[in-house]
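To keep things clear, I will list the structure first and then write my remarks on it.
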Amino acid sequence: MSTKDVAVFVGSLRKESLNRKMANALAGLAAGGLKLEIVEIGQLPLYNQDDDVAGKVPPAWQALRDRVKAAHAVLFVTPEYNRSVPGVLKNAIDVASRPYGQSAFDGRPGAVISVSPGAIGGFGANHHLRQMMVFLNVPMLQQPEAYIGGAANLFDDKGNLSNPGTREFLEKFMEAFAAWIERNGKK
Ligand SMILES: Cc1cc2nc3c(=O)[nH]c(=O)nc-3n(C[C@H](O)[C@H](O)[C@H](O)COP(=O)(O)O)c2cc1C
């Protein structure tokens, strides 16, 4: 398998975000020969279709669309807000999915890991995200599913993953994702 470029969306802007820690930990694992890079989404103007016309498109929207188009695959690492996906992530997905017919996501394989301090591990966000990806033609990794609960206890004070069981699970997850990209990605 050759190295694959994976654009990573983190659904939280919080400085001490557990999800960002998770995304950084995953990048450090480098499992499956994947190269992970976080795509920043906090600076994106809110999507407004009036601005999605030649000459008006905000540069940050274009940069996101170009970044996703250049990637082999996409990975979402997200908290759950009110049993769904945080607005900041929804906005980034909306931006990269337009203009209609030119979605940057089209055909790129994807995966989602939801991370929460709560017990349910962000199940609601995980599945709302999957619903969007059906429409956007992103084949999503099915197994293993990744609902990471109790996440406040998984990292040390430097942000490193300190739970060996979780690390082992994530390595398996990334190996499965690499095989999924190989099977479903553009050749
Ligand atoms: C607006 C809001 C809604 C939330 N709703 C949920 C929820 O539905 N389920 C859940 O498990 N946690 C919920 N939480 C708690 C988050 O899981 C928690 O703040 C988590 O640390 C956010 O992820 P982060 O650490 O990456 O920022 C909510 C937090 C906020 C701010």
Side-chain angles (χ1 to χ4, degrees), residues 5-32 34-48 60 63-64 67-68 71 73-97 105 110-136 138 140-174 176-177:
D5 170 28
V6 179
V8 182
F9 288 73
V10 177
S12 169
L13 304 181
R14 201 166 71 86
K15 215 163 59 177
E16 289 301 317
S17 164
L18 296 166
N19 282 271
R20 184 169 281 263
K21 286 178 187 169
M22 176 60 77
N24 286 331
L26 290 166
L29 290 178
L34 301 179
K35 188 174 161 291
L36 272 55
E37 186 186 82
I38 295 176
V39 174
E40 299 302 338
I41 59 174
Q43 79 295 0
L44 292 170
L46 286 178
Y47 186 76
N48 179 343
L64 178 71
R67 176 65 189 93
V68 175
V74 288
L75 173 65
F76 300 93
V77 185
T78 187
E80 178 176 80
Y81 277 9
N82 301 314
R83 297 285 181 258
S84 187
V85 171
V88 68
L89 179 56
K90 180 68 165 69
N91 183 56
I93 292 169
D94 291 344
V95 166
S97 72
F105 292 110
V112 55
I113 299 178
S114 49
V115 177
S116 170
I120 307 173
F123 176 88
N126 193 303
H127 282 261
H128 277 186
L129 194 284
R130 288 175 183 276
Q131 178 174 321
M132 288 184 250
M133 293 302 128
V134 171
F135 179 62
L136 294 176
V138 173
M140 292 292 283
L141 178 67
Q142 305 292 299
Q143 293 292 339
E145 296 157 277
Y147 314 109
I148 310 294
N153 303 319
L154 297 180
F155 301 95
D156 66 20
D157 50 11
K158 292 196 179 76
N160 300 311
L161 202 51
S162 55
N163 183 300
T166 305
R167 170 181 285 268
E168 197 182 319
F169 169 76
L170 291 170
E171 281 169 354
K172 286 196 180 122
F173 180 95
M174 295 306 281
F177 187 31

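Whatever order the structure lists ligands and atoms in, that order sets their numbers, starting from 1.
In this structure, Asn19 contributes its side chain and Val10 its backbone to no donor-acceptor pair below 3.5 Å. Side-chain N or O atoms of Ser114 include none that pairs as donor or acceptor with a backbone N or O of Thr78 at under 3.5 Å. Gln143 places no side-chain N or O within 3.5 Å of a backbone atom of Leu141 that could act as its donor or acceptor partner.
Ring planes of Tyr147 and His127: parallel class, angle under 30° (limits at 30 and 60°).
For the pair Pro79 and Ser12, the tightest heavy-atom approach, listed with the atom from each and the gap, is CG-CB, 3.9 Å.
Every protein residue with a heavy atom nearer than 4.0 Å to ligand 1 is included here: Ser12, Arg14, Ser17, Leu18, Asn19, Pro79, Glu80, Tyr81, Asn82, Arg83, Ser116, Pro117.
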List the atom pairs, with distances to 0.1 Å, where a side-chain N or O of residues 21-28 and a protein N or O form a donor-acceptor pair under 3.5 Å, not counting sequence neighbours.
| unit_1 | atom_1 | unit_2 | atom_2 | d |
| --- | --- | --- | --- | --- |
| Lys21 | NZ | Glu16 | OE1 | 3.3 |
| Asn24 | ND2 | Arg20 | O | 3.4 |

